[in-house]
Chemist: 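Let me begin by handing over the structure; questions about it come next.
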Amino acid sequence: MGTPGTVLITGTTSGVGLNATKALVRQGWTVITANRNPQRAAGAADQLEIPSHRLHHILMDLGDLESVRHAVESLSVGVDALVCNAAVYDPKLKQPKRSPQGYELSMATNHLGHFLLIQLLLDRLKASSHPSKRIVILGTVTANSKELGGKIPIPAPADLGDLSGFEAGFKDPITMASGQTFKPGKAYKDSKLCNMITTQELHRRIYQDTGISCTSLYPGCVADTPLFRNTPKAFQVIFPWFQKKITGGYVSQSLAGERVAMVVANPDFNQSGVHWSWGNRQKKAGKQFSQELSDKATNPDDAKRVWELSMQLVGL
Ligand code: NAP
């Protein structure tokens, strides 16, 4: 089971983050939930009957770097583990939405907000005396071209190209890390690729010196969470059915939450640099394994550039 401590989780109003909160509280952890609407997070936790004395709800809009800074400055407690879970997915957008800093909003929320949060929490994680400190980042199959789901050409596979969009400052008229034409579904995949690159680079940069284990995971296809709220209505009906009946990839929200909790707390997952998966077809009592990632996620030269450019974009 591992030693309980204090974990900060982003995005806990629904889905994987909410259910991971429940699983971790059940194991004795105190959870700091970080959301753009803490009241919504408290209401969702109440509905799942998560004991409120184990929860601290804080305001953090991951899409706004100033909000991330302010939230960390206001945090008065130590942190033993961090889960970067919050995400937005808006595949039908015609025009990009922009963060207060002027960045395309899905990359800003899913990658840059979390990237800054990790940097700002590193000292607290280093100072923690917890025996197994961890940073856990939610990755996904659709951003890993080593897996079938990562090869889907609609709208395009994840690809940061030559990073010229990041290099040019990532502001209007630029919308994509590669500097190419805006494709909202690809912007999500690119941001998740950045999440997995960040995990790999964190592992290379900090694990040896700090003992903080850095891992990502694919919890399975949790096809019925509000992540898909901006997809066509027919997709929202067909996709969960397809994943349940045809691919066998469907995972319930509670099982996905338990998987995140395992990666945070279970001694079996204390292996830095791993991208954990349970596969794309769910098997009864299926075991976790280390899923190979694409070169795009593991190439150390590319990762160094993503890291350095992300540092600049978040103002560090
Ligand atoms: P979800 O139910 O939509 O949860 C996303 C969470 O992020 C919500 O609590 C949402 O809160 C929060 N959020 C969005 N924008 C935010 C912002 N600017 N600041 C703070 N919080 C924000 O989706 P999910 O399916 O559980 O996804 C959770 C994670 O799992 C994501 O990283 C996703 O990429 C990953 N994942 C999901 C699947 C899947 O099949 N669902 C598969 C692989 C990986 P609001 O109420 O404020 O919107």
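Ligands are counted one by one from 1 in listed order, and the atoms in each one are counted from 1 as well.
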Chemist: Take the angle between the ring planes of F228 and Y89 and call it parallel below 30°, perpendicular above 60°, tilted in between.
Modeler: perpendicular
Chemist: Taking salt bridge (Lys or Arg N to Asp or Glu O under 4.0 Å) as the cut-off, I'd like each qualifying pair that reaches into residues 129-146, sequence neighbours left out, listed once.
Modeler: K146-E292
Chemist: Can you work out which protein residues put a heavy atom within less than 4.0 Å of ligand 1?
Modeler: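 Its neighbours under 4.0 Å (heavy atoms only) are G11, T12, T13, S14, G15, V16, N35, R36, R40, M60, D61, L62, G63, N85, A86, A87, V88, T109, L138, G139, T140, Y188, K192, Y218, P219, G220, C221, V222, T225, P226, L227, F228, R229, given by chain and number.
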Chemist: Can you tell me how the ring of F170 sits relative to the ring of F166, calling it parallel under 30°, perpendicular over 60° and tilted otherwise?
Modeler: perpendicular
Chemist: Between M196 and L293, what is the shortest heavy-atom contact and its length?
Modeler: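 Heavy atoms only, the tightest pair is SD-CD2, 3.8 Å.
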Chemist: Check step by step if side-chain contact (heavy atoms from CB on, under 4.5 Å) holds for R69 and L120.
Modeler: CA-CA 8 Å; R69 278 181 213 284; L120 298 181; 4.0 Å; yes
Chemist: Picking from C214, S216, S213, what satisfies side chain to side chain contact (heavy atoms under 4.5 Å, CB included) with H203?
Modeler: C214
